[in-house]
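Below is one structure, written out as structure tokens, with a few remarks after it.
Along the sequence shown, residues carry numbers from 1.
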Amino acid sequence: MTLAIYPGSFDPVTYGHIDVMERALRIFGRLVVAVAVSEGKSPLFSVEERLGMLREAAKEIPGIEVDSFDTLLVDYAKRRGAGVIIRGLRALSDFEYEFQMALTNRKIYNEIETIFLMPSEQYSYLSSRMIKEIAALGGDIDDLVPPAVRESVFKKMKGARRK
Ligand code: ADP
């Protein structure tokens with residue numbers, strides 16, 4: 001059975017990510033959702049926090065393993081014996097970056113294929129960045145992230161405001 005990896009920042013996980021996970025599982029049966037530990041992006045949540053939110057969300061979805069990696073994605077995929085990378089495609093604006101990354105990954109490791117999945121239209125405008133922006137301005141994110149994530153986001157924002 002082909003193992004698929006869904007890598008990303010997941011800062012935090014949204015219903016858009018979860019939609020992609022469910023679609024991937026319909027094809028692959030086994031999916032590793034892997035948090036990329038990249039210092040460059042100055043995330044709102046620590047890796048541990050992001051893993052915790054993902055694990056909570058994945059509890060409801062059989063077939064998902066949650067992990068993190070701090071190497072090149074293709075090296076991680078090799079180590080895990082994965083043949084497929086899953087990425088989500090929302091709008092055309094995702095395309096150029098994703099195209100470049102998929103071809104670069106294939107250049108480094110020819111055994112890996114990247115498969116793009118489109119979320120349900122209702123999530124096709126949704127990003128983790130947007131969640132943080134809406135929450136920072138006190139907006140409603142109930143329909144966009146799981147309840148536990150919503151709580152963590154508001155807690156984090158309150159903490160940040162107190163500092
Ligand atoms: P990265 O920093 O790797 O882009 P993200 O957590 O932002 O990490 O996204 C991980 C993957 O999930 C990317 O392929 C991204 O396009 C996809 N993604 C993010 N939000 C959505 C969404 N609302 N619908 C579908 N795919 C999404």
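Shown here for Y15 and P146, the closest heavy-atom pair between the two residues is OH-CA, 3.4 Å. Nearest heavy atom pair, residue R87 against residue G8, reads NH1-CA, 4.1 Å.
Within the 4.5 Å cutoff, no side-chain heavy atoms of T104 are placed close to those of V74. Looking at D67 and Y76, their side chains come closer than 4.5 Å, going by heavy atoms from C-beta outward. At a threshold of 4.5 Å between non-hydrogen side-chain atoms, the residues T2 and I27 do not count as touching. A 4.5 Å side-chain heavy-atom check between I85 and L73 finds at least one atom pair inside the cut-off.
Remark: the backbone N or O of D11 is paired with a side-chain donor or acceptor of K132 at under 3.5 angstrom. For the pair S152 (side chain) and A148 (backbone), a donor-acceptor distance under 3.5 Å is present.
Between E22 and R26 there is no salt bridge, since no side-chain N of the basic residue sits under 4.0 Å from a carboxylate O of the acidic one. Under 4.0 Å is where a charged nitrogen must lie from a carboxylate oxygen, and between D19 and R23 at least one such pair does. For the pair E65 and R80, the salt-bridge criterion is met [side-chain N within less than 4.0 Å of a carboxylate O].
Two different hydrophobic clusters hold L89 and L103 under the rule that ILVMFWY side chains link at heavy-atom gaps under 4.5 Å.
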Identify all side-chain donor-acceptor contacts of residues 108-116 below 3.5 Å with residues at least two apart in sequence or on another chain.
from : atom 1 : to   : atom 2 : distance (Å)
E113 : OE1    : R106 : NH2    : 3.3

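Among residue pairs with one or both ends in residues 135-149, those qualifying as salt bridge (charged side-chain N to carboxylate O under 4.0 Å, His left out) are D142-R150; sequence neighbours excluded.
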